[in-house]
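What follows is a single structure, written as structure tokens, with notes after it.
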Amino acid sequence: MSEHFHYQDNRLYAEGVSLEDIASRFGTPCYVYSRAALTEGFYQFSDALKGRDHLVCYAVKANSNLAVLNLFARLGAGFDIVSGGELQRVIAAGGDTRKVVFSGVGKTEFEMRMALEEDILCFNVESASELDRLNEVAGSMGKKAAISLRVNPDVDAKTHPYISTGLKQNKFGVAYSETLDLYRKANAMPHLKITGMDCHIGSQITETGPFFAAAEKVLLLIDELAKEGIVLEHLDLGGGLGIRYHDEAPPAIPEYVATLLSALKGRTQKLILEPGRVLVGNAGLLLTTVEYIKRGEEKNFAIVDAAMNDLMRPALYDSYHEILPVKRGGSAAGTYEVVGPICETGDFLGHARVLPIEPQSRLAIMSAGAYGMSMSSNYNTRPRPAEVMVDRGGVHLVRERETVLQLYAGERVIAD
Ligand SMILES: *Cc1c(COP(=O)(O)O)cnc(C)c1O
């Protein structure tokens, strides 16, 4: 748990603001982010990278709320985007598009045009056919696209198979053995400018070894290219650093950065990183209210007003989120399956949790700042939660709760 969420007199607070008050004022379910926690994470990167030419490109998909993007933009961040929509968000949030790197396996021509118009820093290209398309699109606009190739270093990130991306069998990046040839090909294309090399091996990685191994493999390729006169300006080592949800012990940001810098000893290329989860995950929680307590023959259920559509990670990855009572003491503790109201057996938020609760009790689902709201859906015609950011004792509504009308505003019935 971030130190910015803490108990005082058995009540849970976010940066000194009572979560019970936030729930009463904004309703539940509601995402709560701590500005101080977000800022501190970013500073840990910049401090660890001080003295080194670098750019921290926050991975927008982890949490794409404009207030979060705007905060990082003001701290000097660049952005790692995976769609044209995310580029629009960066612009709307006041981000600098010249600090944007564009990742993703399926960039459309439209998205390429948009990014070229905005003069983004670099396209992280993932295939030979993408090189061809980008060369054509840039040529038609009279532009040169800055590119790096996303190399698949074939190292095992030792994480959940759904979020492991750097193995041969994954869809991401270009095969290690084909990388040099593709750089030669790109080098001969008139509307591309090679500026870097990129890799991203997965997410929620909790040891430094895979990062070091990937960096070393990428550096071998960089040296080969240099021999052929293809000199790179930057090296992008992606994101993927894990956080503590339960009992994981991931390296801290300074240790992670030190590992990367030790692999890069003697290199002068600008270092780009694309952290997502580690910047936002533990800076946010999802506030929910217990609707019913249902006593079953084998298990007791706490049915809450948040569900898998609001926070998909437990249903999708069977992942663990700590669940804390907003008020400790008072009610007697019981063991509960914490579940949402959605018509799916997979709609759970936690199994066998010991909680002192009764109907109307509030719960905080912790570590929900990353891949929470950004992966949410409207399944069961559930409007998505409000989002608030606490900041120096104040609370800001940074996204209004969706309304049902908004959900079907674009729909039409057939007239006859
Ligand atoms: C998702 C993603 C990231 C961020 O990953 P985290 O695990 O959230 O740090 C960075 N780079 C790319 C290319 C991604 O797809």
Side-chain angles (χ1 to χ4, degrees), residues 38 41-42 44-45 55-65 68-69 72 77-83 85-87 89-90 99-107 111 115 120-127 130 147-153 157-167 170-174 196-208 210-211 214-215 218 234-245 248 250-253 256-257 260 271-284 312-313 316-317 319 367-375:
L38 293 165
F42 190 84
Q44 282 190 38
F45 273 98
L55 182 63
V56 175
C57 290
Y58 167 64
V60 173
K61 73 178 188 291
N63 183 326
S64 44
N65 184 285
V68 173
L69 301 183
F72 287 136
F79 296 94
D80 171 45
I81 60 165
V82 291
S83 73
E86 288 190 348
L87 180 57
R89 278 187 176 274
V90 168
K99 291 185 185 171
V100 164
V101 297
F102 192 171
S103 305
V105 289
K107 302 175 193 78
E111 290 174 320
I120 66 162
L121 180 63
C122 190
F123 287 84
N124 291 337
V125 174
E126 304 219 13
S127 65
E130 189 188 331
I147 66 135
S148 70
L149 286 175
R150 175 168 174 185
V151 183
N152 184 332
K158 300 188 184 125
T159 183
H160 190 286
Y162 287 8
I163 49 177
S164 178
T165 58
L167 280 172
N170 298 134
K171 70 177 174 183
F172 299 100
V174 301
M197 193 179 288
D198 166 49
C199 79
H200 171 73
I201 56 174
S203 198
Q204 186 52 17
I205 299 167
T206 53
E207 42 194 302
T208 54
F211 292 113
V218 166
H234 76 251
L235 173 56
D236 179 342
L237 290 177
L241 180 58
I243 62 170
R244 184 182 182 112
Y245 285 99
E248 304 90 338
I253 291 169
Y256 159 76
V257 171
L260 300 182
L271 175 61
I272 296 180
L273 296 176
E274 303 169 348
R277 186 189 312 270
V278 74
L279 283 177
V280 292
N282 276 327
M312 196 186 189
R313 299 189 68 261
L316 184 62
Y317 311 121
S319 55
S367 310
Y371 305 104
M373 187 63 169
S374 64
M375 288 178 100

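In listed order, ligands and their atoms are each counted from 1. Atom set for the values below is all heavy atoms of this structure, side chains included, hydrogens, waters and symmetry mates excluded. Residue numbers start at 1 and run along the sequence shown.
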Is any side-chain heavy atom of [Y] closer than 4.5 Å to one of [X]?
| X | Y | result |
| --- | --- | --- |
| Phe72 | Val56 | no |
| Leu121 | Lys99 | no |
| Cys199 | Leu237 | yes |

Does Glu274 use its side chain to pair, donor to acceptor, with the backbone of Tyr58 at less than 3.5 Å?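 Looks like no, no N/O pair under 3.5 Å.
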Would a distance-only check, ignoring hydrogens and angles, find a side-chain to backbone donor-acceptor pair under 3.5 Å from Ser103 to Asn124?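 The answer is no, because no donor-acceptor pair under 3.5 Å joins these two groups.
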Under 4.0 Å from ligand 1, counting heavy atoms only, is it the side chain of [X], its backbone, both or neither?
| X | value |
| --- | --- |
| Arg277 | both |
| Asp80 | side chain |
| Ser203 | both |

Please confirm whether Arg89 makes a cation-pi placement over Phe79, using NZ or CZ under 6.0 Å from the six-membered ring centre and within 45° of the ring normal.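 No, a cation-pi geometry is absent between Arg89 and Phe79.
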Identify the closest protein heavy atom to atom 15 (O) of ligand 1: which residue and atom is it, and at what distance?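 The closest heavy atom on the protein side is Lys61 NZ, 2.7 Å.
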To check your reading of the model: name the closest protein heavy atom to atom 10 (C) of ligand 1, its residue, and the distance in Å.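 The closest heavy atom on the protein side is Glu274 O, 3.2 Å.
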[X]: numbered ligand 1 atoms lying under 4.0 Å from its heavy atoms:
| X | answer |
| --- | --- |
| Ser103 | 13 (C) |
| Gly240 | 5 (O), 6 (P), 7 (O), 9 (O) |
| Arg150 | 13 (C) |

Does the N or O separation between Gly276 and ligand 1 drop below 3.5 Å for any pair?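 Checking ligand 1 against Gly276, an N or O pair does fall under 3.5 Å apart.
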Please determine if Tyr371 has a nitrogen or oxygen closer than 3.5 Å to a nitrogen or oxygen of ligand 1.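 Between Tyr371 and ligand 1, an N or O pair is found under 3.5 Å apart.
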Do NZ/NE/NH1/NH2 and the carboxylate oxygens of Glu130 and Lys107 come within less than 4.0 Å?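 Yes, Glu130 and Lys107 are salt-bridged.
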